[in-house]
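Comments concern the structure below.
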Amino acid sequence: SIEFTPSGLYVSAPVSLDQTIFADAFSFLAATTTTAVPKLTIPSPSMIHYRGGRAAIDPAVYPELDAFWADLARAYADEVRGLSSLGCTYLQLDDTSLAYLNDPAQRDYIAAAGGDPDHQHETYIATINAAIGARPSTMAVTTHLCRGNFRSSWAAEGSYEFVAEALFNDLAVDGFFLEYDDERSGDFAPLRFVPKDKVVVLGLV
């Protein structure tokens, strides 16, 4: 069997951004790219919260989570602003959590940790929207969803059905990259919620 324990996060101080993360990496990429649009991929805001939940956020710093979500969105908005000033026009948010939440076992995990398994995806979507809401019209933002991949193993399974309606209609990104290359991704029925103005790329191979 394959065992993998990812590094845990703990929020011990108010969330803020002191400097643009990956600024040097993006600047190098932009300076050396001549035939394509340089794309930067960063973890979604959801990933700061998903694994640890409430237990990973110091209650002395954030007695109520509303302030945490607001600060997290503000920090990401600062990141988006900083990347835009460097010339970034294509940003991708990697978000495994929005795929994990389709799995009943993962929702049980959320409930056991004191979270809200029925509505956590909606909180994540609202936070992402707040983070990218002020992006310039010249910046495209996409998101990538998968159920975890580590040495051909995975952490979750199940159709996109549970999150699909809110994901496709409410998440204010320009496009979605969706894992769809095996049975654990489910069928294509959830795609009925995709609006005509959104782009969906299916990972079928």
Parallel, tilted or perpendicular: ring planes of H49 versus W69, cut at 30 and 60 degrees: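 Taking W69 first and then H49, their aromatic rings sit tilted (interplane angle of 30° to 60°).
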Whether Y50 and Y100 hold their rings parallel, tilted or perpendicular, with breakpoints at 30° and 60°: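 Because their plane-to-plane angle is over 60°, the rings of Y50 and Y100 count as perpendicular.
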Polar side chain donor-acceptor pair, D94 to Q92, under 3.5 angstrom: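 Side chains of D94 and Q92: pair found under 3.5 Å.
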Any side-chain donor near an acceptor of the partner, D95 and T143, under 3.5 Å: no
Between [X] (side chain only) and [Y] (backbone N and O only), is there a donor and an acceptor less than 3.5 Å apart?
| X | Y | result |
| --- | --- | --- |
| Y160 | A189 | no |
| D71 | P14 | no |
| S27 | A23 | yes |
| N102 | V163 | yes |
| N129 | D170 | yes |
| R107 | P117 | no |

Face-on cation placement of K39 at F22 ring, 6.0 Å and 45° thresholds: no
So, for [X] and [Y], which heavy atoms are closest and what is the spacing to 0.1 Å?
| X | Y | value |
| --- | --- | --- |
| C88 | F26 | CA-CZ, 3.3 Å |
| M139 | R135 | O-NE, 3.6 Å |
| A140 | D174 | CA-OD2, 3.3 Å |

In this structure, would [X] and [Y] fall into the same cluster of hydrophobic residues linked by side-chain contacts under 4.5 Å?
| X | Y | value |
| --- | --- | --- |
| F177 | I125 | no |
| I21 | M47 | no |
| L98 | V201 | no |
| L72 | Y10 | no |
| V200 | I132 | yes |

Steps toward side chain to side chain contact (heavy atoms under 4.5 Å, CB included) verdict (E161, R192): CA-CA 10 Å; E161 187 70 26; R192 70 189 184 279; 2.6 Å; yes
CA sep, side-chain torsions, deciding dist, call: L145, L167, side chain to side chain contact (heavy atoms under 4.5 Å, CB included): CA-CA 11 Å; L145 277 67; L167 175 72; 3.8 Å; yes
With heavy-atom distances below 4.5 Å as the criterion, would you say the side chains of [X] and [Y] are in contact?
| X | Y | answer |
| --- | --- | --- |
| T142 | Y90 | yes |
| I57 | V61 | no |
| L83 | L91 | yes |
| F188 | L202 | yes |
| P195 | N169 | yes |
| T20 | D78 | no |
| V173 | F168 | no |
| S159 | P190 | yes |

Side chain to side chain contact (heavy atoms under 4.5 Å, CB included) between V194 and V199, intermediate numbers included: CA-CA 8 Å; V194 178; V199 175; over 6 Å; no
Salt bridge E79-R74, side-chain N to carboxylate O under 4.0 Å: no
Carboxylate-amine/guanidinium proximity below 4.0 Å for D116 and R54: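 Judged by the 4.0 Å cut-off on N to carboxylate O distance, D116 and R54 do not form a salt bridge.
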Aromatic ring proximity, centroids under 6.0 angstrom, H144 and F176: no
Value rounded to 0.5 Å, distance of CD1 in I110 from CG in D118: 11.5 Å
Residue pair K198, F193: steps toward the side chain to side chain contact (heavy atoms under 4.5 Å, CB included) verdict: CA-CA 10 Å; K198 297 290 180 71; F193 292 113; over 6 Å; no
